[in-house]
Novice: 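The structure that follows is given in the form of structure tokens.
All heavy atoms count here, side chains included; hydrogens, waters and symmetry mates do not. Each residue takes its place number in the sequence, starting with 1. All ligand and atom numbering here is 1-based and tracks the order in the structure.
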Amino acid sequence: MAHNDNRNVYGSPARYHTRVSTQLHPEYDCLQTRIFKIIVIGDSNVGKTCLSYRFCGGKFLQNPEATIGVDFRERTVEIDGEKIKIWDTAGQERFRKSMVEHYYRNVHAVVFVYDITKLSTFESLPDWIEECARHSVSPSVPRIMVGNKCDLTDTCQISTSCAQRLADNYHLPLFETSAKDPSEKEHVDAIFMTLAYKLKNHKPLRLKQLPRESSMVHLSQEEDAQNPCLC
Ligand SMILES: Nc1nc2c(ncn2[C@@H]2O[C@H](COP(=O)(O)OP(=O)(O)OP(=O)(O)O)[C@@H](O)[C@H]2O)c(=O)[nH]1
Ligand SMILES: [Mg+2]
């Protein structure tokens, strides 16, 4: 786990910032890479940080701290070298209120997360969906609903059929998974890969010319900080 005490412009510690490249393919030398902004939204403690860390870092993040503002994670996926940039948002109101506009600006896809062991997090989903709509996110922006913590079957409070009904009401695909259970790793990957495939033919928000000697462009946090709307 990469630890550091740097804080980004939003005041959020950069402690779990990961830059994971799952492939460095020579074919992509001198080509352009596309960056898709995916935000992960939901109540505090539902596991947004752990899910995005599982996808970008490949592991379960032990003892995460509450996200303040936003943490960024990236992963280059094997769809023509597309890059997914995940905005892991804060669930606690006091840590997110100054950031909400930034979350939704130029977003390419949204992941709504609830905790299957906590009914209130499921009941909050319409509010999160509503917030998203209020910020003029186009209906064409792909969205996914995720019930996390499926390893805790004994304390499950939301049945799959109940979750499916809500998902159907909002025309959202439903995934139930666990950031913790290693056997669910592919399932977590599938959430983000599903979005990546949907986005594949969309226009990129930012195109970067790759330098000849490198097959990857890594945006620095400083760059993010100077230009928060273009991530
Ligand atoms: N059992 C289990 N625990 C999980 C899972 N995912 C996350 N957790 C635990 O849930 C707690 C909250 O996880 P986070 O990922 O920090 O939650 P968050 O949604 O990012 O919270 P905020 O940053 O405050 O919005 C932590 O104690 C994690 O260890 C899971 O799949 N299974
Ligand atoms: Mg978090």
Side-chain angles (χ1 to χ4, degrees), residues 1-8 10-18 20 37-75 84-100 102-104 107 109-125 127-129 131-132 143-158 160 163 174-192 221 224 231:
M1 180 200 319
H3 261 273
N4 69 53
D5 293 328
N6 295 337
R7 297 183 86 84
N8 63 28
Y10 310 116
S12 177
R15 54 194 181 276
Y16 302 128
H17 188 95
T18 56
V20 177
K37 170 181 173 180
I38 300 180
I39 56 170
V40 186
I41 294 279
D43 279 6
S44 181
N45 232 37
V46 296
K48 299 180 296 298
T49 295
C50 289
L51 280 170
S52 59
Y53 194 92
R54 167 66 83 185
F55 177 67
C56 295
K59 287 185 262 187
F60 179 61
L61 181 62
Q62 303 287 346
N63 307 317
E65 291 171 33
T67 304
I68 299 169
V70 65
D71 280 336
F72 301 108
R73 296 193 179 82
E74 286 180 5
R75 176 168 162 181
I84 292 178
K85 181 158 188 165
I86 296 178
W87 284 47
D88 169 27
T89 71
Q92 286 191 48
E93 182 58 28
R94 63 191 170 128
F95 293 148
R96 71 190 305 274
K97 56 181 177 227
S98 60
M99 283 295 303
V100 178
H102 297 292
Y103 292 161
Y104 292 107
V107 70
V110 185
V111 180
F112 296 105
V113 185
Y114 66 96
D115 173 349
I116 66 143
T117 71
K118 198 163 175 202
L119 184 60
S120 62
T121 68
F122 180 71
E123 291 173 338
S124 297
L125 285 174
D127 293 339
W128 294 114
I129 293 166
E131 179 186 86
C132 185
R143 295 157 167 84
I144 278 187
M145 186 192 288
V146 177
N148 188 36
K149 309 196 185 180
C150 280
D151 54 296
L152 302 175
T153 40
D154 291 350
T155 48
C156 179
Q157 292 190 346
I158 301 108
T160 300
L174 171 70
F175 282 76
E176 292 178 306
T177 194
S178 163
K180 186 173 188 177
D181 181 353
S183 70
E184 285 285 309
K185 183 184 179 317
E186 275 80 32
H187 205 198
V188 174
D189 281 359
I191 293 165
F192 293 98
Q221 274 197 314
D224 296 333
C231 296

Novice: Could you check whether any side-chain N or O of Tyr103 sits under 3.5 Å from a backbone N or O of Gly69, counting only pairs where one atom can act as donor and the other as acceptor?
Specialist: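 Answer holds: yes.
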
Novice: Taking both backbone and side-chain atoms of Phe60, is any N or O found less than 3.5 Å from an N or O belonging to ligand 1?
Specialist: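 In this structure, Phe60 places no N or O atom under 3.5 Å from an N or O of ligand 1.
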
Novice: Sorted by chain and residue number, which protein N/O/S atoms are under 2.8 Å from the Mg ion (ligand 2)?
Specialist: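 Hits for the Mg ion (ligand 2) below 2.8 Å: Thr49 OG1, Thr67 OG1.
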
Novice: Closer than 4.0 angstrom, basic N to acidic O: yes or no for Asp189 and Arg75?
Specialist: yes

Novice: With rounding to the nearest 0.5 Å, note down the distance linking CD in Gln157 to CD in Glu123.
Specialist: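 One gets 9.0 Å once the value is rounded to the nearest 0.5 Å.
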
Novice: Would a distance-only check, ignoring hydrogens and angles, find a side-chain to backbone donor-acceptor pair under 3.5 Å from Lys48 to Asp43?
Specialist: yes

Novice: Please check if the side chain of Arg96 supplies one atom and the backbone of Ala90 the other of a donor-acceptor pair under 3.5 Å.
Specialist: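 Looks like yes, one N/O pair under 3.5 Å.
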
Novice: What is the nearest protein non-hydrogen atom to atom 31 (O) of ligand 1, stated with its residue, atom name and distance?
Specialist: Ala179 N, 2.9 Å

Novice: Counting non-hydrogen protein atoms only, what is the nearest one to atom 15 (O) of ligand 1? Give residue, atom name and distance.
Specialist: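 Here the nearest protein heavy atom works out to Cys50 N, 2.9 Å.
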
Novice: Where is the nearest protein heavy atom to atom 6 (N) of ligand 1: which residue, which atom, and how far?
Specialist: Asn148 ND2, 3.1 Å

Novice: Of the protein's non-hydrogen atoms, which lies at the shortest distance from atom 24 (O) of ligand 1, and what is that distance?
Specialist: Ser44 OG, 2.7 Å

Novice: Quick one: nearest non-hydrogen protein atom to atom 17 (O) of ligand 1, plus distance?
Specialist: Gly47 N, 3.1 Å

Novice: Checking a contact table here: which protein heavy atom is nearest atom 12 (C) of ligand 1, and how many Å away?
Specialist: Asn45 OD1, 3.2 Å

Novice: For the 3.5 Å polar cut-off, considering only N or O atoms, please tell me whether Pro64 and ligand 1 meet it.
Specialist: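 Checking ligand 1 against Pro64, no N or O pair falls under 3.5 Å apart.
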
Novice: Give yes if a backbone or side-chain nitrogen or oxygen of Gly91 is under 3.5 Å from a nitrogen or oxygen of ligand 1, and no if not.
Specialist: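 N/O-N/O distance under 3.5 Å: yes.
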
Novice: If you measure every N or O of Cys150 against every N or O of ligand 1, does any of those distances drop under 3.5 Å?
Specialist: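 No; every N/O pair is 3.5 Å or more apart.
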
Novice: Nearest heavy-atom pair of Val46 and Asp115: which atoms, and what distance?
Specialist: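 Smallest interatomic distance, heavy atoms only, reads CG1-N, 3.8 Å.
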
Novice: Would one find an N or O of Asp151, backbone or side chain, under 3.5 Å from an N or O of ligand 1?
Specialist: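 Yes, at least one N or O pair falls under 3.5 Å.
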
Novice: Do any N/O atoms on Thr67 end up under 3.5 angstrom from N/O atoms on ligand 1?
Specialist: yes

Novice: Heavy-atom distance to atom 9 (C) of ligand 1: which of Glu184, Lys180, Lys149 wins?
Specialist: Lys149

Novice: Distance under 4.0 Å to a non-hydrogen atom of Ala66: what atoms of ligand 1 satisfy this?
Specialist: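 Heavy-atom distances to Ala66 below 4.0 Å select 23 (O), 24 (O).
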
Novice: Run the contact test for Thr177 against ligand 1 with a 4.0 Å cut-off on heavy atoms, strictly below, and give the result.
Specialist: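 Under 4.0 Å: no for Thr177.
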
Novice: Yes or no, since that's all I need: does a protein heavy atom fall within a distance strictly under 4.0 Å of atom 27 (O) of ligand 1?
Specialist: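 So atom 27 (O) of ligand 1 lacks protein heavy-atom neighbours under 4.0 Å.
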
Novice: Against heavy atoms of Ala90, which atoms of ligand 1 measure under 4.0 Å?
Specialist: 25 (O)

Novice: Which option wins on minimum heavy-atom distance to atom 25 (O) of ligand 1: Gln62, Lys48, Glu65?
Specialist: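 It is Lys48 that holds the nearest heavy atom.
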
Novice: Is the NZ atom of Lys118 crowded by more than 12 outside heavy atoms at less than 6.0 Å?
Specialist: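 At most 12 heavy atoms, drawn from other residues, nucleotides or ligands, come within 6.0 Å of this atom.
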
Novice: Given 3.5 Å as the limit, does a donor-acceptor pair link the side chain of Gln92 with the main chain of Ser44, or not?
Specialist: no

Novice: Can a side-chain donor-acceptor contact be found between Glu184 and Ser178 if the only test is distance below 3.5 angstrom?
Specialist: no

Novice: I need the atoms of ligand 1 closer than 4.0 Å to a non-hydrogen atom of Asp43, numbered in the order shown.
Specialist: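 Within the 4.0 Å cut-off of Asp43, ligand 1 contributes 19 (O).
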
Novice: Using a 4.0 Å cut-off to any heavy atom of Ser178, which atoms of ligand 1 qualify?
Specialist: 31 (O)

Novice: Kindly assign one of parallel, tilted or perpendicular to the pair Phe72 and Trp87, based on the angle between their ring planes and the thresholds 30° and 60°.
Specialist: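 The arrangement is perpendicular - the two ring planes meet at more than 60°.
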
